[in-house]
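Only one structure is covered here, and it is reproduced in the block below.
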Amino acid sequence: MNKDHFLEVRGLKKYFDADRPSLFSREARYVHAVDGVDFTLRHSEVIALVGESGCGKSTLALLLMGLEEPTEGVISFDGRDITHLNDRERKAVRRKIQMVFQDPYESLNPTQTIEEIINEPLVVHGIGNNKNERDERVIKAMEDSGLKPAEVYLKRFPHELSGGQRQRVVIAAALVLEPEILLADEPVSMLDVSIRAEIINLLAELRITRQIAVIFITHDLGSVGFFADRVAVMYLGRIVEIGTMLEVLEKPQHPYTKALLSVIPVPNPRLRHERIILQGETPNPIDVPTGCRFHPRCPVAMATCKASDPPFVSFGKTHQAACLLLVK
Ligand code: SF4
């Protein structure tokens with residue numbers, strides 16, 4: 001394993017049992033939620049994981065957190081295989097990999113004060129020798145999350161805070177454990193547009209001040225441009241393109257990435273591109289198309305695309321997909 005890659009994911013798959021087509025059918029069917037994902041994450045790197053809803057990005061986050069068991073594949077963290085762990089081992093890893101969920105309204109217990117919410121992970125993990133030590137950690141996590149001065153918020157309840165402040169509480173409850181990776185699953189999609197930039201700026205700051213790596217999961221490619229180091233584009237359970245932020249935003253290779261980029265609103269009319277509107281819906285992940293799984297919607301698909309499945313597009317590597325010969 002490369003020592004720079006402190007999180008490494010290889011051949012990761014998660015299939016869920018699906019209903020049989022009929023009562024009498026013996027055919028086992030599966031939802032291919034994550035279907036062969038490979039990527040690495042470096043120390044304090046920010047990767048944006050982008051794709052339409054249902055592409056498997058949230059399931060991937062749950063696999064990384066150990067909240068779902070993989071069907072196949074390997075997840076390594078800091079040189080150690082963490083794919084299948086017992087409860088004690090999982091708890092230790094969870095301290096290092098924390099998740100920020102999408103909905104700050106549902107992820108906070110309405111009966112607890114902000115102080116209790118942020119203190120709870122310390123109690124669960126047995127961190128801090130005494131109350132003073134824990135209080136210091138709570139206050140530091142709150143202030144690093146932009147809840148300043150912390151004393152103003154400590155005794156309040158979630159319903160007394162705005163959406164943005166609640167999401168800061170969620171982030172503080174993750175930070176209090178001093179994690180090395182934050183998995184942020186659509187952390188701004190439930191917030192007002194005016195607050196989204198503040199939360200993204202906060203995550204950008206934390207990666208510098210706390211040296212935290214961030215996996216920023218989003219359906220909105222336009223929201224990641226200024227702070228992600230790399231962008232991974234997911235489609236139907238797979239990463240179809242991965243590269244530095246500039247490479248992917250300025251020279252996208254995969255037709256799906258091009259389509260996602262083409263519909264991002266651009267204020268300057270001279271910089272607007274032709275919009276690529278994909279035909280049809282994302283296929284059912286139970287019946288994944290043969291060959292390239294994007295072929296039913298691909299604007300430049302060829303006959304061979306129904307038969308051959310290209311490897312994902314990775315800059316700096318030879319890409320064997322026939323599609324790259326076509327797509328300029
Ligand atoms: Fe489109 Fe074919 Fe490339 Fe798939 S392999 S993205 S269908 S051109």
Looking only at side chains, do Ser194 and Asp192 share a donor and an acceptor under 3.5 Å apart? no
Please check if any side-chain donor atom of His43 sits under 3.5 Å from a side-chain acceptor atom of Gln211, or the reverse. no
One thing to verify: whether Asp17 and Arg29 come together as a salt bridge, which I'm taking to mean a side-chain N less than 4.0 angstrom from a carboxylate O. no
Could you tell me the separation between the CD1 atom of Ile199 and the CG atom of Asn201, rounded to the nearest 0.5 Å? 9.5 Å
Output yes when a side-chain donor or acceptor of Arg95 lies under 3.5 Å from a complementary backbone atom of Lys91, and no otherwise. no
Tightest non-hydrogen contact, residues Val74 and Ser76, listed as CG1-OG, 3.8 Å
Applying side-chain hydrogen bond (donor to acceptor under 3.5 Å, both in side chains) to Ser145 and not counting sequence neighbours gives none
Taking side chain as C-beta onward, heavy atoms only, is Val176 less than 4.5 Å from Leu122? yes
Quick one: CZ on Arg166 to CG on Leu147, what's the gap to the nearest 0.5 Å? 12.5 Å
Can you tell if the side chain of Lys14 reaches within under 4.5 Å of the side chain of His32, non-hydrogen atoms only? no
Within 6.0 Å of CG in Asp87, more than 12 heavy atoms from elsewhere: no
Let me confirm one number: the CD1-CZ distance from Ile217 to Phe101, rounded to the nearest 0.5 Å. 10.0 Å
Exactly one candidate in Ile97, Ile127, Val124 meets side-chain contact (heavy atoms from CB on, under 4.5 Å) with Leu177; the answer is Ile127
I want to check something: taking the side chain as every heavy atom from C-beta on, are Val233 and Ile239 in contact at a cut-off of under 4.5 Å? no
For the hydrophobic clusters of this structure (ILVMFWY residues joined by side-chain heavy atoms under 4.5 Å, transitively), does one cluster hold both Val188 and Leu203? yes
For the residue pair Lys155 and Tyr153, would you count it as a cation-pi contact if the rule is NZ or CZ under 6.0 angstrom from the ring centre and within 45 degrees of the ring axis? no
Less than 4.5 Å apart, any side-chain heavy atom of Leu154 and any of Ile118? no
Which atom pair, heavy atoms only, marks the closest approach of Val231 to Val50? CG1-CG2, 3.9 Å
Please determine if Asp229 and Arg207 form a salt bridge, counting it only when a charged side-chain N lies under 4.0 Å from a carboxylate O. yes
Check the orientation of Phe157 and His159. Use parallel for under 30°, tilted for 30 to 60°, and perpendicular for over 60°. parallel
Least distance between heavy atoms, Leu183 atom then Ala61 atom: CD1-O, 3.7 Å
Donor-acceptor contact below 3.5 Å, side chain Glu136 vs main chain Glu133: no
Qualifying ring pair (Phe, Tyr, Trp, His ring centres under 6.0 Å) pairs with a residue from residues 180-223, counting only residues at least two apart or across chains: Phe216-Phe227
To the nearest 0.5 Å, what is the distance between NZ (Lys306) and CE (Met302)? 12.5 Å
Decide whether Asn109 and Thr111 meet the rule of one side-chain donor and one side-chain acceptor closer than 3.5 Å. yes
Would Ile47 end up clustered with Leu62 when hydrophobic side chains under 4.5 Å apart are linked, directly or stepwise? yes
With a 4.5 Å cut-off on side-chain heavy-atom distances among I, L, V, M, F, W and Y, is there a chain of contacts connecting Tyr15 to Val288? no
Count the heavy atoms belonging to other residues, nucleotides or ligands that lie under 6.0 Å from CD of Glu106, then report whether that count exceeds 12. no
Before giving the answer on side-chain hydrogen bond (donor to acceptor under 3.5 Å, both in side chains), spell out for Asp185 and Ser58 the whole-Å C-alpha distance, their side-chain angles and the decisive distance to 0.1 Å. CA-CA 7 Å; Asp185 186 6; Ser58 293; 3.0 Å; yes
Does a side-chain N-to-carboxylate-O contact under 4.0 Å join Glu180 and Lys96? yes
Would you call Arg168 and Glu198 a salt bridge, using N to O less than 4.0 angstrom? yes
Would Met99 and Val93 show up in the same hydrophobic cluster when neighbours are defined by side-chain heavy atoms closer than 4.5 Å? yes
Salt bridge between Glu52 and Arg297, side-chain N to carboxylate O under 4.0 Å? yes
Would you say that Ser189 contacts Thr218 through its side chain, given a criterion of any heavy-atom pair below 4.5 Å between the two side chains? no
Could you tell me whether Arg10 and Glu8 have a side-chain N and a carboxylate O separated by less than 4.0 Å? yes
Quick one: CE on Met65 to CD1 on Ile181, what's the gap to the nearest 0.5 Å? 10.0 Å
Is there side-chain contact between Leu7 and Ile75, with at least one heavy-atom pair below 4.5 Å? yes
Value for CG (Asp144) from CG (Leu202), rounded to nearest 0.5 Å, stands at 9.0 Å
The test is side-chain hydrogen bond (donor to acceptor under 3.5 Å, both in side chains); show your working for Glu115 and Asn119 and say whether it passes. CA-CA 6 Å; Glu115 182 180 16; Asn119 187 55; over 6 Å; no
What heavy-atom pair brings Ser107 and Val170 nearest, and what distance separates the two atoms? OG-CG2, 3.7 Å
Is the ring centre of Phe6 less than 6.0 Å from the ring centre of Phe77? yes
Nearest non-hydrogen partners of Pro158 and Gln112, listed with the distance: CD-O, 3.2 Å
Is there a side-chain contact between Pro187 and Gln102, using heavy atoms and a 4.5 Å cut-off? no
Please check if the side chain of Asp35 supplies one atom and the backbone of Lys13 the other of a donor-acceptor pair under 3.5 Å. no
Could you walk me through whether Asp81 and Thr83 pass the side-chain hydrogen bond (donor to acceptor under 3.5 Å, both in side chains) check? CA-CA 6 Å; Asp81 185 341; Thr83 321; 2.5 Å; yes
Can you name the closest pair of heavy atoms from Glu143 and Pro149 and give their distance? OE2-CA, 3.6 Å
Between His254 and Phe294, does the ring centroid distance fall short of 6.0 Å? yes
Between Arg230 and Glu247, is the closest basic N to carboxylate O distance under 4.0 Å? no
Is the closest side-chain heavy-atom distance between Val263 and Ile276 below 4.5 Å? no
Are Leu246 and Leu261 connected in a single hydrophobic cluster, I mean Ile/Leu/Val/Met/Phe/Trp/Tyr linked by side-chain heavy atoms less than 4.5 Å apart? no
